[in-house]
There are 2 protein chains.
Amino acid sequence: MTYAAALQALADPTRRAIVEKLRHGPRSVGQLAQGFRISRPAVSQHLRVLSCAGLLDVVPVGARRVYRLRPEGFAQLRVYLEDLWRDALRTFDTPVLPAPSGED
Amino acid sequence: MTYAAALQALADPTRRAIVEKLRHGPRSVGQLAQGFRISRPAVSQHLRVLSCAGLLDVVPVGARRVYRLRPEGFAQLRVYLEDLWRDALRTFDTPVLPAPSGED
DNA sequence: CGGCTGCGTAAGTCATAGCTTACGGTAAGT
DNA sequence: ACTTACCGTAAGCTATGACTTACGCAGCCG
């Protein structure tokens, strides 16, 4: 059920942009905030959401905090969508008018 | 870029519940609305969002409209997450302190 | 020990998303 | 043709979420 938070986290465009930056490797908050029009605290809040969703990891390095993608979080989401996609394929073959009387 | 709308659509719990119902096969709006506390128009609005995101198909059958999962929509999301997960695995191996001077 | 950098948190504002009721339009039944 | 079932849309309300500024706290350096 943890994919729920992950989906909600990835629904926001800014958070997806943050994830895109992290695809290239670990980044500190300052590095991530750079290039965004929004304030740094706003970025912090987004990082919090992504972390709570299990999509990010934090490593304190001196005074700064380095974030990176957390494979396990994305793995769970991946599995969920994999199953969903499979069922979508399966139900796509079933006729649209199977049982107006007999409930499926 | 179509995965953006799909992610935003799947972020809502009610819409995920609708998708869960559709995993078992095509359903009419009335059938989908049954079992939800929210009103039928609310369900219609959710169906609209899911359809616009490319996750659902509609087939008019007489006076009713039968919805079903659209495999292609989920396929695109699947691919997006697949790549993301791969990058997450890759960047997870890179050291956290690679280049304080030389930008990655 | 100050001062500075880097970051998270709190409080408040504002836009958006989800819900409701009311309505209109099409298909089927009598 | 009238009624009923089924469904989408419009308008309005409200709660949630994203953003801002202000603040506080830990690490580094003189």
Side-chain angles (χ1 to χ4, degrees), chain A residues 4-22 25-68 96-101 103-104, chain B residues 4-22 26-53 55-68 96-101 103-104:
Chain A
L7 279 172
Q8 197 168 352
L10 290 178
D12 184 80
T14 303
R15 283 195 286 265
R16 279 199 304 273
I18 290 176
V19 167
E20 287 302 319
K21 279 200 174 190
L22 288 174
R27 294 284 186 278
S28 72
V29 178
Q31 289 176 327
L32 289 173
Q34 205 168 16
F36 282 111
R37 296 191 171 184
I38 64 177
S39 66
R40 184 198 48 75
V43 174
S44 270
Q45 290 169 3
H46 283 303
L47 289 172
R48 174 160 168 65
V49 173
L50 287 167
S51 294
C52 288
L55 297 175
L56 260 51
D57 254 349
V58 203
V59 178
V61 177
R64 66 194 118 200
R65 317 192 77 211
V66 176
Y67 285 85
R68 63 176 167 185
V96 179
L97 294 171
S101 54
E103 284 297 333
D104 170 286
Chain B
L7 279 172
Q8 196 168 355
L10 289 178
D12 183 80
T14 303
R15 283 196 285 267
R16 281 198 302 273
I18 290 177
V19 167
E20 287 302 320
K21 281 200 173 190
L22 288 174
R27 294 285 187 276
S28 71
V29 178
Q31 288 176 328
L32 289 172
Q34 205 168 15
F36 282 111
R37 294 189 173 186
I38 64 177
S39 66
R40 184 198 47 75
V43 174
S44 269
Q45 289 169 5
H46 283 302
L47 289 172
R48 174 163 168 64
V49 172
L50 287 167
S51 294
C52 288
L55 297 176
L56 259 50
D57 254 351
V58 203
V59 177
V61 176
R64 60 191 123 204
R65 317 192 76 211
V66 176
Y67 286 85
R68 64 176 168 187
V96 179
L97 294 171
S101 56
E103 284 297 334
D104 171 297

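We name chains A, B, ... by the order of the sequence lines, and we start the count at 1 in each one.
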Without decimals, in angstroms, what is the distance between [X] [atom1] and [N] [atom2]?
| X | N | atom1 | atom2 | answer |
| --- | --- | --- | --- | --- |
| R27(A) | dG6(C) | CZ | P | 16 Å |
| R15(B) | dC19(C) | CZ | C1' | 12 Å |
| I38(B) | dT21(C) | CD1 | P | 12 Å |
| D12(B) | dG17(D) | CG | C1' | 14 Å |
| L50(A) | dG8(C) | CG | P | 12 Å |
| R37(B) | dT20(C) | CZ | C1' | 16 Å |
| L32(A) | dG8(C) | CG | C1' | 15 Å |
| Q34(A) | dT5(C) | CD | C1' | 15 Å |

Would you indicate, yes or no, if dC19(C) has its OP1 or OP2 atom less than 4.0 angstrom from a side-chain nitrogen or oxygen of S39(B)?
-> no
Any side-chain N or O of T14(B) under 4.0 Å from OP1/OP2 of dA17(C)?
-> no
Restricting both atoms to N or O, compile the protein contacts to nucleotides 3-12 of chain D shorter than 3.5 Å, with distance only.
residue: dC7(D); atom: OP1; partner: V29(B); partner atom: N; Å: 3.2
residue: dC7(D); atom: OP2; partner: G30(B); partner atom: N; Å: 2.8
residue: dG8(D); atom: OP1; partner: R65(B); partner atom: NH1; Å: 3.1
residue: dG8(D); atom: OP1; partner: Y67(B); partner atom: OH; Å: 2.6
residue: dG8(D); atom: OP2; partner: S44(B); partner atom: OG; Å: 2.3
residue: dG8(D); atom: N7; partner: R40(B); partner atom: NH1; Å: 3.3
residue: dG8(D); atom: O6; partner: R40(B); partner atom: NH2; Å: 3.1

Please output the side-chain donor-acceptor pairs of residues 8-22 of chain A that fall under 3.5 Å, not counting sequence neighbours, one pair per line with the distance.
residue: D12(A); atom: OD2; partner: T14(A); partner atom: N; Å: 3.0
residue: D12(A); atom: OD2; partner: R15(A); partner atom: N; Å: 3.1
residue: R15(A); atom: NE; partner: A9(A); partner atom: O; Å: 2.6
residue: R15(A); atom: NH1; partner: H46(A); partner atom: ND1; Å: 3.2
residue: R16(A); atom: NH1; partner: L10(A); partner atom: O; Å: 2.7
residue: R16(A); atom: NH1; partner: A11(A); partner atom: O; Å: 3.1
residue: E20(A); atom: OE2; partner: R23(A); partner atom: NH1; Å: 3.3
residue: K21(A); atom: NZ; partner: L32(A); partner atom: O; Å: 3.4
residue: K21(A); atom: NZ; partner: Q34(A); partner atom: O; Å: 2.4

From CZ (R40(B)) to CG (L47(B)), nearest 0.5 Å | 10.5 Å
Might you point out which heavy atoms bring S51(A) and L56(A) nearest each other, and give the distance in Å?
-> OG-CB, 3.8 Å
